[in-house]
Amino acid sequence: DQKAHEAILKVLDLQLVGKVPREPKLAEWTERASKFDKLKTPVKIAMVGKYTGLSDSYLSVLKALLHASVAMERKLVLEWVPSCDLENSAAKETPEAHQKAWKLLKGADGVLVPGGFGDRGVEGKILAATYAREKNVPYLGICLGMQVAVIEFARSVMKLGGANSTEFDPATASPCVIFMPEGSKTQMGATMRLGSRRTHFLANNCKSAKLYGNATSIDERHRHRYEVNPEMVPLLEKAGLSFVGKDESGRRME
């Protein structure tokens, strides 16, 4: 009845209140906030994507960059670079946007290309990867960002002009990135490789392993349908591209 229901709610309220610390331990957050307020030396990161007009699309990446910059005692300056504006076609269609995008990219200390779906803006991401590689600018590719770095390497270094992902060109003669064999091409839902997956480092002197404290393996979140083509990996590595992280089978590039 009503009285019994109210009595139960009152007990639950008391239990919840009892679990709330009366004096929150905020020292760590206070110290971090104080440190953040004092940051002066800037670090410019170019975020090259196709959803740059809606920054919430990259909210998790943005927060990770913010925490990393505080840890490294740098003031984060994030430059949003629409990947479409980097493309050659934009030089004719939207010259001002094209010039602005390249100016932001060239002024950055590091380039980050996040994930995405569909072929719009992909060529611009590939151009960003080319610039970073040729100018020796730190580059972080997440999901599609990692895939376009592989495509760029195949095109520029291995001279495979038609290299691509089968997501964008199913008939490509040099399929650097392919659909995962365990996925379904007809069913749209529940076909992704999702959740925490283990990556094993194959070289302890690589930057990736060092960033994880020289760990031999890590567990990280995944969300993708496509992967680097295992059949092309020997050719890519022979040309100088190292894949230092693989899954437990030793076949899938991470």
Side-chain angles (χ1 to χ4, degrees), residues 19 25 28-29 32 45 47-52 54-72 76 78 110-118 122 125 129 138-151 153 165-168 175-234 236-237 241-254:
K19 292 180 181 178
K25 297 179 180 180
E28 182 181 352
W29 286 103
R32 185 171 299 176
I45 303 298
M47 179 87 85
V48 182
K50 58 182 179 180
Y51 312 122
T52 53
L54 186 62
S55 60
D56 278 6
S57 299
Y58 305 117
L59 190 59
S60 60
V61 179
L62 174 59
K63 294 300 181 183
L65 283 173
L66 184 61
H67 281 270
S69 63
V70 173
M72 298 305 296
L76 177 64
L78 195 62
V111 178
L112 195 157
V113 179
F117 295 93
V122 168
K125 292 182 178 184
Y139 174 97
L140 174 61
I142 300 173
C143 197
L144 178 59
M146 177 258 209
Q147 294 171 7
V148 299
V150 175
I151 295 169
F153 186 89
S165 165
T166 56
E167 180 181 5
F168 313 127
C176 298
V177 180
I178 61 172
F179 195 85
M180 289 182 168
E182 66 266 40
S184 169
K185 293 185 179 181
T186 57
Q187 179 183 341
M188 291 302 292
T191 61
M192 279 190 167
R193 183 169 181 249
L194 292 169
S196 179
R197 304 283 176 163
R198 179 154 294 180
T199 296
H200 293 271
F201 289 117
L202 307 182
N204 56 15
N205 61 342
C206 64
K207 289 188 176 78
S208 298
K210 289 178 180 177
L211 288 169
Y212 281 96
N214 294 315
T216 56
S217 67
I218 56 166
D219 296 313
E220 287 287 12
R221 175 178 176 265
H222 287 63
R223 185 177 182 272
H224 55 164
R225 291 191 182 96
Y226 289 81
E227 65 172 330
V228 175
N229 185 355
E231 303 301 328
M232 282 196 68
V233 168
L236 289 161
E237 292 200 306
L241 183 62
S242 299
F243 292 93
V244 297
K246 295 186 180 181
D247 73 347
E248 293 175 318
S249 72
R251 183 169 169 80
R252 176 163 286 154
M253 307 308 112
E254 294 283 18

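This structure is a prediction, so every number in the text was calculated from the model and none was measured.
Side-chain atoms of Thr199 and Glu220, non-hydrogen and from C-beta on, never get closer than 4.5 Å to each other. Taking the side chain as every heavy atom from C-beta outward, Leu144 and Val113 never approach each other to under 4.5 Å. For the pair Lys207 and Val244, the minimum side-chain heavy-atom distance is 4.5 Å or more.
Between the side chain of Asp247 and the backbone N or O of Arg252, at least one donor-acceptor pair lies under 3.5 Å. In terms of modelled atom types and a separation under 3.5 Å, the side chain of Gln147 and the main chain of Tyr226 share a donor-acceptor contact. Counting only distance, with no hydrogens or angles, the side chain of Glu237 and the backbone of Phe243 share a donor-acceptor pair below 3.5 Å. No donor-acceptor pair under 3.5 Å is formed between the side chain of His200 and the backbone N or O of Arg198.
Atoms CD and OG, from Glu254 and Ser208 in turn, are 11.0 Å apart once rounded to the nearest 0.5 Å. For the atom pair CG of Leu140 and CG of Leu112, the computed distance is 4.5 Å after rounding to the nearest 0.5 Å. Atom CE of Met72 and atom CG of Leu65 lie 13.0 Å apart (nearest 0.5 Å). With rounding to the nearest 0.5 Å, the separation of OG in Ser165 from CD in Glu227 is 10.5 Å. Separation of atoms CD1 (Ile142) and OH (Tyr58) is listed at 10.5 Å; rounding is to 0.5 Å. Between Leu62 atom CG and Leu76 atom CG the span is 7.0 Å, to the nearest 0.5 Å.
When all heavy atoms of Gly115 and Cys143 are compared, the pair lying nearest together is CA-CB, 4.1 Å. Nearest heavy-atom pair across Ala203 and Ala209 is O-CB, 3.9 Å. In this structure, Asn229 and Pro175 approach most closely via the heavy-atom pair ND2-O, 2.9 Å. Taking both residues in full, the closest heavy atoms of Tyr139 and Ala149 are given as CE2-CB, 3.8 Å, listed atom of the first, atom of the second, then distance. When all heavy atoms of Arg32 and Val70 are compared, the pair lying nearest together is CG-CG1, 4.0 Å.
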Worked verdict on Phe179 versus Arg225 for side-chain contact (heavy atoms from CB on, under 4.5 Å): CA-CA 6 Å; Phe179 195 85; Arg225 291 191 182 96; 4.1 Å; yes
Given side-chain contact (heavy atoms from CB on, under 4.5 Å), test Val228 with Met146 step by step and report yes or no. CA-CA 9 Å; Val228 175; Met146 177 258 209; 3.9 Å; yes
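Below 30°, between 30° and 60°, or above 60°: for Trp29 and His67 the angle between ring planes is above 60°, a perpendicular geometry.
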